[in-house]
Protein chains: 2
Amino acid sequence: MRLVIARCSVDYAGRLSAHLPLATRLLMVKGDGSLLVHSDGGSYKPLNWMSPPCTLASIEPDDDQQAAGVVEVWKVTHQKTADQLVVSIHEVLHDTAHELGVDPGLVKDGVEAHLQQLLAEQIELLGEGHRLVRREYMTAIGPVDILATDASGASVAVELKRRGDIDGVEQLTRYLELMNRDPRLAPVKGVFAAQEIKPQARTLAEDRGIRCVVLDYDAMRGIEGGHARLF
Amino acid sequence: MRLVIARCSVDYAGRLSAHLPLATRLLMVKGDGSLLVHSDGGSYKPLNWMSPPCTLASIEPDDDQQAAGVVEVWKVTHQKTADQLVVSIHEVLHDTAHELGVDPGLVKDGVEAHLQQLLAEQIELLGEGHRLVRREYMTAIGPVDILATDASGASVAVELKRRGDIDGVEQLTRYLELMNRDPRLAPVKGVFAAQEIKPQARTLAEDRGIRCVVLDYDAMRGIEGGHARLF
DNA sequence: ACCTGCATTTCGGCA
DNA sequence: TGCCGAAGTGCAGGT
């Protein structure tokens, strides 16, 4: 990885056009040739960038550019889309390179996938007599998070969210509409399950006959942990 | 901005839990105290990070940590959510600080806005006899991208996307539902226009009687360019 | 300040 | 590989 602090201006031409006026910034060149342009603020998103696969070429500035004070021009070209990022460097303040090696990568825990796994294992949280049919039940418009049956044997479609928002209710509504046209499944009841359900989402859901279930992630994990500890 | 290359492990506890095993990485400390952990690959997204507003505290490693080879611990805490990022540094390979100043920021020229402008100018791409009523036609739940009339004089609401996804169909459906309650407009037809329409989105749209139109951005731009060249 | 819609989204998962 | 949905999404514009 090469780190350059430079006074520069940047132009991007690709899916859109964008321009960064002359200022001092960090240019981060990664091992795969990709480039990030960072300022000293904002969030983790760079001001501008080029994603791999791409190639960086350092070219001599032409007369006009030299007259404008440009000492070096970087042209970063995407290999597929031909998007181009042009960095006009006026002054290099720092330039170092470092060997980082391959990163072992991030280990995550606590996302929707885990919640889904836990709920599948503890399906009776939806009510006594519930049975899991399958996770990620495919329909023509996408996968339903969990398909189950209730004590009476009726189908139950579960939409699972970390935070239950109106969007999730809409999504579940679409699935229910579609699934209820399938005579092998109909009638299908809907359950909207989340760690936290926004009042507006709850209102909309209940108005549509969708049951809301609030999940206690820590408790669900604790039960799983308890089981694990038995072995 | 402070740039540190270090062998380190990282733990994040907040909305989820995540862990980065020991490896050599770039730690970028921005002026607002925020921290980015970058590896030498991937895209612009850091392996891990803490967004502002947050505070960085360097603390002495305890005995266990020292025994494990930790020479320094950074604890980055978010000021509102109490999310925490802990960086356990085993070895510092590089450490420099740089004054960057405030960035003037990015100047963009967007796609959807341009696409909307082009379609407004070339409204007959929707079909012969179409006439533009107006762009960004306001409704109670938000602006419809384009309102037009067809050859028969009936209202046509156009939802415009770069990539036509199910969400866009939902959005248009909400607009149509509302507009069809307005006797001055009803009946309103729907057109879902995008550079590219996903099969599932097309299925959903056509199931709801919404017409799909695929736009050729380059061709549209070319026609505009042709006009422009005449002047 | 909150909400909504867009993004050069990026990222993972599965058909 | 392509498509689809989630993200510690970020970000801008409107209310």
Side-chain angles (χ1 to χ4, degrees), chain A residues 10-18 34-37 42-52 54 76 78 80-85 105-106 108-116 135-145 159-163 165-168 171 174-175 198 200, chain B residues 12-18 34 37 42-52 54 76 78 80-85 105-106 108-113 115-116 136 138 140-145 159-168 170-172 174-175 196-204:
Chain A
V10 183
D11 286 278
Y12 168 75
R15 282 177 252 190
L16 58 72
S17 301
S34 62
L35 176 72
L36 313 188
V37 182
S43 64
Y44 66 69
K45 197 177 180 181
L47 293 165
N48 219 324
W49 71 95
M50 184 61 74
S51 315
C54 62
V76 188
H78 196 275
K80 287 185 187 169
T81 62
D83 289 14
Q84 233 181 30
L85 196 66
L106 190 66
K108 273 192 195 180
D109 172 35
V111 275
E112 188 187 315
H114 194 206
L115 208 58
Q116 187 188 108
R135 295 163 58 182
E136 302 286 348
Y137 178 85
M138 268 316 284
T139 73
I141 55 169
V144 176
D145 289 336
E159 178 60 36
L160 198 60
K161 292 284 176 214
R162 200 164 49 75
R163 282 196 304 232
D165 224 328
I166 278 187
D167 281 0
Q171 198 177 339
R174 286 197 302 272
Y175 288 138
K198 295 285 171 67
Q200 292 184 347
Chain B
Y12 167 75
R15 280 176 253 191
L16 58 73
S17 302
S34 61
V37 182
S43 64
Y44 68 67
K45 196 177 180 182
L47 293 166
N48 220 323
W49 72 95
M50 184 62 74
S51 317
C54 63
V76 189
H78 196 275
K80 285 186 190 169
T81 63
D83 289 16
Q84 230 180 33
L85 196 67
L106 191 67
K108 271 192 194 180
D109 173 27
V111 187
E112 192 190 313
L115 207 58
Q116 188 188 109
E136 302 286 349
M138 266 318 279
I141 54 170
V144 177
D145 289 336
E159 177 62 35
L160 198 60
K161 292 280 177 221
R162 196 163 57 74
R163 280 195 320 227
D165 226 328
I166 277 186
D167 282 0
E170 290 291 2
Q171 197 178 337
L172 179 54
R174 286 197 298 273
Y175 288 138
E196 176 202 349
I197 295 180
K198 295 288 168 67
Q200 293 190 341
R202 176 181 290 273
T203 304
L204 182 65

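Side chains included, hydrogens not; waters and symmetry mates left out as well; all remaining heavy atoms used. Treat the numbers as computed from the prediction; the structure is a model and nothing was measured. Naming convention: chains lettered A, B, ... in sequence-line order (proteins, then strands); numbering from 1 in each chain.
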Practice task
For residues A:Y12 and A:D83, determine if any side-chain heavy atom of one lies less than 4.5 Å from a side-chain heavy atom of the other.
Solution key: yes
Handout entry: Per A:K161 side chain, nearest of listed nucleotides D:dC11, D:dA6, C:dT9
Key = D:dA6
Exercise for the section: Using a 4.0 Å heavy-atom cut-off across all strands, classify B:M50 as base, sugar-phosphate, or nothing. Expected result: base
Practice task
Give the nucleotide from the list D:dG5, C:dG5, C:dT9 with an atom nearest to the side chain of B:Y44.
Solution key: C:dT9
Completion exercise
From CD of A:E159 across to P of D:dC4 the rounded distance in Å is 16 Å
Exercise for the section: Can you figure out which of C:dT10, D:dG10, D:dC4 approaches the side chain of A:W49 most closely? Expected result: C:dT10
Practice task
Take the protein atom CZ of B:R202 and the nucleotide atom C1' of D:dC4, then report the distance between them rounded to whole Å.
Solution key: 17 Å
Exercise for the section: Please identify each residue that fulfils side-chain hydrogen bond (donor to acceptor under 3.5 Å, both in side chains) with A:Q84, with sequence neighbours left out. Expected result: none
Practice task
Please check the phosphate of C:dT9 (OP1 and OP2 only) for any side-chain N or O of B:S43 closer than 4.0 Å.
Solution key: no
Problem - Rounded distance (Å) that lies between atom C1' of D:dA7 and atom CG of B:L16 - result: 9 Å
Problem - DNA chain C: 5'-proximal contact among B:P143 and A:E136 (nearest heavy atom) - result: B:P143
Handout entry: Rounded distance (nearest 0.5 Å) linking atom CG of A:L36 with atom OH of A:Y44
Key = 12.5 Å
Exercise for the section: May I ask you to say what B:T81 touches in the nucleic acid, namely base, sugar-phosphate or nothing, with a heavy-atom cut-off under 4.0 Å? Expected result: nothing
Problem - Pairwise side-chain contact, A:S34 with A:C54, heavy-atom cut-off 4.5 Å (strictly under) - result: yes
Handout entry: Short side-chain N/O contact from A:Q171 to OP1 or OP2 of D:dA6, under 4.0 Å
Key = yes
Practice task
Please determine, for the side chain of A:R162, which listed nucleotide (D:dT9, C:dT9, D:dG5) has the closest atom?
Solution key: D:dT9
Practice task
Starting from the 5' end of DNA chain D, give me the residue, A:K80 or B:A201, whose nearest nucleotide shows up first.
Solution key: A:K80
Practice task
For A:Y175 and for B:L47, find the nucleotide of DNA chain D with the closest heavy atom, then tell me which residue's nucleotide is more 5'.
Solution key: A:Y175
